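Remember, predicted model here, so these are calculated numbers, not experimental data.
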Amino acid sequence: RDLHSFPTRRSSDLRLLVDLGVRADDLPPDVRQRAALFRTLLHDRRVLLVLDDARDGAQVRPALPGAPGCGVIVTARTRIADLCATTTIRLGPLADPAARDLFAHLIGPARAAAEPAAVDEILRQCGGLPLALRAAGARLADRPEWTVSALVERIAGEAGPLDELRSGELAVRTGFQAGYTALAPLAGDPARAFRLLGVLPSAEIGLHVAAAVLAADPATAERTLDTLVHLHLLEPTTPGRYRFHGLLRAFAAEQARLRETPDTLSAVAGRVVDCYRVAAYRADLLLRPGRFRAAPEPTAGSPVPRFRTPMDAVRWWEAELPIMVGVEIGRASCRERV
């Protein structure tokens, strides 16, 4: 069953009981009573339940049977940690062999073998995301006159991957929209955090840089980032560092362009540059303590990291230098357009 229908919508949450032989006139009106009746009916049966697209643990619990002969598979977009599960399996992006096999199956092995470099680029753009691979494969399967290279060119063109990775009801943007919409009612405005983080020039995000983007202290920023991780919109890599999937980052940046003003985006870039400027000074002070340099003043409340040892500073430089260059290039580009 699609768990969005259980146990909150009367017209469909009662179908499970009707399917098990309960007459419509005998259906209990209360959710707890229906859940108890459901468990009673399954007491002496061997049943495998598949509860698809669960919202949270509270939605799942009424549908859990108590009989030892029953099994339950729960799928969810979020991380559900408050269920007594025997096994939890987190489905990440497909590894290259599986992604390649799926794409070749969709477009045909001969067609895939004819353009290995173009197939490699499609796999890179999809980043192992099954929805993206299926959309790309379905689009090519529906257009036998297209080469794989033609789709690669379209993805790299002005429309971009979110417009091109679609076929019928298979659409990457639509899939992402569901997770993004789920952010709207949550505390801390994680939807705005999601889209603002998308304007950074790198999929890699450090906690202090995220705090600068959000104009928040690191503890508050971490709570917001944890909400995005919980909804699989951001992935933790190491303590204090996170990563966007490339297509999710493109979607977040698109939402930022649609919903944020140029002044807001410019202010975000300014805070990030300020964070990097002061952090770079502090790192350099540890690594080359005898060199004279003018001490920059951080903006009041600026979330700038502090380094305890020279090795901390080296690790920070290694992680952040490529991103620092991208931030400054992006900021210069914004100034030129203004």
For this session: State whether the side chain of R166 and the backbone N or O of V172 hold a donor-acceptor pair below 3.5 Å, judged by distance alone.
Result: no
For this session: Heavy atoms only: give me the nearest P310-L287 pair and the separation to one decimal.
Result: O-CD2, 3.6 Å
Exercise. A171 and L131: which non-hydrogen atoms are nearest, and at how many Å?
Worked result: O-CD2, 3.7 Å
Exercise. Can you tell if the side chain of T264 reaches within under 4.5 Å of the side chain of R192, non-hydrogen atoms only?
Worked result: yes
Exercise. Please walk me through it: do F194 and L231 pass side chain to side chain contact (heavy atoms under 4.5 Å, CB included)?
Worked result: CA-CA 11 Å; F194 171 75; L231 290 169; over 6 Å; no
Exercise. Which pair of heavy atoms, one from A135 and one from S167, lies closest together, and at what distance?
Worked result: O-CB, 3.8 Å
Exercise. Would you say L91 and T75 make side-chain contact, with heavy atoms under 4.5 Å?
Worked result: no
Exercise. Do F38 and L42 come within less than 4.5 Å of each other through their side chains, counting heavy atoms only?
Worked result: yes
Exercise. Is the closest basic N to carboxylate O distance between R124 and E121 below 4.0 Å?
Worked result: yes
Exercise. What's the shortest heavy-atom distance between L49 and A63, and which atoms?
Worked result: CD1-O, 3.5 Å
Exercise. Do S266 side-chain atoms and P262 backbone N/O form a donor-acceptor pair below 3.5 Å?
Worked result: no
Problem set entry | Residues R271 and D274 bridged, charged N to O under 4.0 Å | no
Problem set entry | From CA spacing to verdict: side chain to side chain contact (heavy atoms under 4.5 Å, CB included), Y242, V209 | CA-CA 11 Å; Y242 304 82; V209 173; over 6 Å; no
For this session: Could you list the residues that satisfy salt bridge (Lys or Arg N to Asp or Glu O under 4.0 Å) with R241, not counting sequence neighbours?
Result: E320
Problem set entry | Close side-chain approach of D101 and H105, heavy atoms under 4.5 Å | no
For this session: Keeping the roles fixed (side chain from E115, backbone from V148), state whether a donor-acceptor pair exists under 3.5 Å.
Result: yes
Exercise. Once you round to the nearest 0.5 Å, how far does CG of L123 lie from CG of L133?
Worked result: 6.5 Å
Problem set entry | Closest heavy-atom pair and its distance - A112, V119 | O-CG2, 3.6 Å
Exercise. Near E158 CD, under 6.0 Å, is it more than 12 heavy atoms from other residues, nucleotides or ligands?
Worked result: no
Seminar exercise, completed: Interatomic distance, CZ@R61 vs CD@Q59, rounded to 0.5 Å, equals 11.0 Å
For this session: Please confirm whether the backbone N or O of R223 pairs with a side-chain atom of T227, one donor and one acceptor, at under 3.5 Å?
Result: yes
Exercise. Below 4.0 angstrom, N of the basic side chain to O of the carboxylate: do R173 and D163 qualify?
Worked result: yes
Problem set entry | Straight-line distance of L214 CG to T220 OG1, nearest 0.5 Å | 9.5 Å
Exercise. Does R111 reach the side chain of L140, with side-chain heavy atoms less than 4.5 Å apart?
Worked result: yes
Exercise. Do L234 and L225 pass the side chain to side chain contact (heavy atoms under 4.5 Å, CB included) test, and can you show the C-alpha distance, the side-chain angles, and the key distance before you say yes or no?
Worked result: CA-CA 8 Å; L234 200 63; L225 295 174; 3.6 Å; yes
Exercise. Counting only N and O atoms by type, is there a donor-acceptor contact under 3.5 Å from the side chain of R34 to the main-chain atoms of P29?
Worked result: yes
Exercise. Can you tell me how far the CG atom of D142 sits from the CG atom of L106, to the nearest 0.5 Å?
Worked result: 12.5 Å
For this session: Determine the interplanar angle of the Y276 and W316 rings, folded into 0 to 90°, and report it as parallel if under 30°, tilted if 30 to 60°, perpendicular if over 60°.
Result: tilted
Exercise. To the nearest 0.5 Å, what is the distance between CD (Q255) and CD (E260)?
Worked result: 10.0 Å
For this session: Hey, could you give me the NE2/CG distance between H245 and L129, rounded to the nearest 0.5 Å?
Result: 4.5 Å
Exercise. Which pairs with one or both residues in residues 128-137 pass side-chain hydrogen bond (donor to acceptor under 3.5 Å, both in side chains), sequence neighbours excluded?
Worked result: none
For this session: Check T224 against A193 and note the closest heavy-atom contact, atom names and distance.
Result: CG2-CB, 3.5 Å
Exercise. Given side chains that start at C-beta, do those of R139 and E164 come closer than 4.5 Å, heavy atoms only?
Worked result: yes
Exercise. Can you name the one residue among V213, V273, L197 that meets side chain to side chain contact (heavy atoms under 4.5 Å, CB included) with V268?
Worked result: V213
For this session: Please report the C-alpha distance between L183 and L228 in whole Å, then the side-chain angles of each, then the deciding distance to 0.1 Å, and finally whether the side chain to side chain contact (heavy atoms under 4.5 Å, CB included) criterion is met.
Result: CA-CA 8 Å; L183 296 173; L228 299 179; 3.9 Å; yes
Exercise. Do V152 and I122 touch side chain to side chain, with heavy atoms closer than 4.5 Å?
Worked result: yes
